[in-house]
Amino acid sequence: MAVEKAAELLNGAVKPVLVGGKKLRVAKAQAAFMELANTCDYAVAVTPSAKGMFPENHPHFIGTYWGVISTAFCSETVEIADGSIFAGAIFDELETVGFSLSYKKNKAIIVETDHVVFPNGLRFGPILMKDFLWALTKRVKPNSTSYENYRRIYIPESSPATSEPGEGLRVNVLFKHIQKMLTDDMAVISEAGDSWFHGQKLKLPQSCGYEMQMVYASIGWSLGATLGYAQASSSNGRVVLCIGDGSFQMAPQDLSTMLRLGQRNIIFLINNGGYTIEVEIHDGPYNIIKNWDYCALVDAMHNHNGNCWTRKVQTEEQLVKAIEIATRDHNDCLCFIEAIVHRDDTSKELLEFGNKLAEMNSRPPKSL
């Protein structure tokens, strides 16, 4: 009954879309979602925490749906759709940028891990997500209208401007060069903060992994996550971590364990002197932290025992050289690159995100 009702809604729509969420993985439904995407021909997007769960070289992939900070032209495509299916999506305040998504809720089918909810509130379950998606694949009719509309409005993104000789390093330039170094067998871990937003812009190679954590937005989560990911990975590729200085100070001892285990991670520590994401939500002196000599700290942990290489960079020229050394000459060891950037150097997405959350947090409480 759920499949018949969904097929009726989607086949009757003019420009339906398909959106994948992070619960695709826990539901073991990624293969079913992929098959549905191949069959339906809809434009396909993912929510921010589902980045990496769907191949970004898929012919109908349009990027990340994240409200006002979505990939360019993605939100427009999703929000004008007259039929949509959200599989495994989470709709909390971070995934929705303060509950500001504008997709047509009266035209959306929400597929959870064990049930399906339709626009009028009708709910079918228990139904496993993967079973529902596999069955729906056999009933939907191909319709590429939403993707064709996306292609009509799409304008390719531009690259950050090249730095002047000796100019201070910018974060967007840092991620431009991280993009260039990524390979199929690597994985990227993005810490809570501005790395979230720059990380979403990375075009992941076919099998490149990607992890971010938005449920609690736990600052400092990523260093331990990188340790665990690298240790559990069956790939010979390296894990690339993008982490801020404030986050690193939460649990720096995990790097010592990486050294003891002989991991080959490449860690980019973005040093801007504080909690930048908090600055954009609610600024104050508590967002400024004590600066450490991070490279010296890592060298002290290394203590001439194991394989480790550190480098501090302040310009694009220095960054390019450091990445070259890390990926070529020191491919067999843990590489730690401290990137010095300006305190106010942020992505435009973080500015919009911070403004939305600040607005939401400043609302007076509802009276009981």
Side-chain angles (χ1 to χ4, degrees), residues 17-37 42-56 58 60-71 74-75 78 84-101 103 105 108-117 125 127-134 136 187-193 195-204 206-219 221-222 224-226 228-229 232-233 239-242 277 349 353 357:
V17 297
L18 180 60
V19 183
K22 67 177 294 182
K23 287 188 282 188
L24 281 172
R25 180 162 58 187
V26 297
K28 296 180 171 58
Q30 287 173 258
F33 185 83
M34 180 70 175
E35 186 64 23
L36 178 59
Y42 303 168
V44 183
V46 294
T47 59
S49 58
K51 183 177 175 68
M53 296 184 190
F54 185 82
E56 298 189 359
H58 188 278
H60 283 190
F61 181 68
I62 63 173
T64 301
Y65 178 53
W66 202 358
V68 295
I69 54 175
S70 299
T71 303
C74 178
S75 64
V78 172
S84 60
I85 179 166
F86 286 77
I90 291 177
F91 298 98
D92 63 24
E93 72 274 18
L94 299 180
E95 297 262 3
T96 63
V97 195
F99 305 106
S100 64
L101 300 187
Y103 69 94
K105 297 175 178 60
I109 302 166
I110 309 299
V111 187
E112 298 287 358
T113 54
D114 60 356
H115 64 274
V116 182
V117 181
I127 301 171
L128 293 182
M129 182 189 297
K130 61 180 180 180
D131 293 344
F132 175 79
L133 296 178
W134 281 120
L136 184 60
V188 178
I189 312 284
S190 285
E191 174 57 70
S195 293
W196 275 352
F197 309 103
H198 286 286
Q200 289 294 328
K201 299 175 187 177
L202 294 173
K203 304 295 186 292
L204 300 178
Q206 174 67 37
S207 303
C208 183
Y210 188 89
E211 299 293 335
M212 64 184 294
Q213 193 275 112
M214 296 193 71
V215 177
Y216 301 107
S218 303
I219 295 174
W221 157 86
S222 66
T226 299
Y229 191 106
S233 177
V239 180
V240 178
L241 168 62
C242 303
I277 189 168
E349 290 80 9
F353 181 87
L357 260 64

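One-based numbering along the sequence shown. Worth knowing before you read on, the calculation uses all heavy atoms, side chains too, and leaves out hydrogens, waters and symmetry mates.
Remark: L101 CG to S70 OG distance equals 7.5 Å, nearest 0.5 Å. Distance CZ/F86 to OH/Y65: 5.5 Å, rounded to 0.5 Å. With rounding to the nearest 0.5 angstrom, the CE atom of M53 is 6.0 Å from the CD atom of Q30. With values rounded to the nearest 0.5 angstrom, I62 atom CD1 is found 14.0 Å from Y42 atom OH. The distance from atom SG of C74 to atom CD1 of I69, rounded to the nearest 0.5 Å, is 12.0 Å. Between atom CH2 of residue W221 and atom OG of residue S190 there is a gap of 8.0 Å, rounded to the nearest 0.5 Å.
Of all heavy-atom pairs between E191 and S222, the closest is OE1-OG, 2.6 Å. For the residue pair L204 and G52, the shortest heavy atom distance occurs at CD1-CA, 3.8 Å. Here the closest non-hydrogen pair linking A37 and V44 is CB-CG2, 3.9 Å. Nearest heavy atom pair, residue F99 against residue F91, reads CE2-O, 3.5 Å. The two atoms that bring A87 and L24 nearest to each other are O-CG, 3.7 Å, heavy atoms only. The heavy-atom pair separating T64 from T47 by the smallest distance is CG2-C, 4.0 Å.
Counting heavy atoms from C-beta on, the side chains of P55 and M34 come closer than 4.5 Å. When side chains are defined from C-beta on, P48 counts as touching M214, because their heavy atoms get closer than 4.5 Å. Annotation: side chain of V78 is not in contact with side chain of S84 (no heavy-atom distance under 4.5 Å). Side-chain atoms of L136 and I85, non-hydrogen and from C-beta on, do get closer than 4.5 Å to each other. Here the side chains of T71 and Q200 are not in contact, with every heavy-atom distance at 4.5 Å or above.
Comment: E95 does not engage K22 in a salt bridge, judged by the lack of any side-chain N to carboxylate O separation of less than 4.0 angstrom.
Figure legend: K130 and F132 shown without cation-pi pairing, the cationic atom not lying both under 6.0 angstrom from the six-membered ring centre and within 45 degrees of its axis.
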**OP:** Given side chain to side chain contact (heavy atoms under 4.5 Å, CB included), test M129 with E112 step by step and report yes or no.
**Re:** CA-CA 6 Å; M129 182 189 297; E112 298 287 358; 5.6 Å; no

**OP:** Decide side chain to side chain contact (heavy atoms under 4.5 Å, CB included) for F353 and L94; before the verdict, give the C-alpha distance in whole Å, the side-chain angles of both, and the deciding distance to 0.1 Å.
**Re:** CA-CA 9 Å; F353 181 87; L94 299 180; 3.6 Å; yes

Original post:
What's the verdict on side chain to side chain contact (heavy atoms under 4.5 Å, CB included) for K105 and Y103, showing C-alpha distance, side-chain angles and the deciding distance?
Top reply: CA-CA 6 Å; K105 297 175 178 60; Y103 69 94; 3.6 Å; yes

Subject >> Residue pair E349, W196: steps toward the side chain to side chain contact (heavy atoms under 4.5 Å, CB included) verdict >> reply: CA-CA 9 Å; E349 290 80 9; W196 275 352; over 6 Å; no

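A donor-acceptor distance shorter than 3.5 angstrom exists from the side chain of Q213 to the backbone of V215, with no hydrogens or angles considered.
Each of K51, E56, H58 was checked for a side-chain contact (heavy atoms from CB on, under 4.5 Å) with F54, and the lone residue meeting it is H58.
K28 NZ: 12 or fewer foreign heavy atoms inside a 6.0 Å radius.
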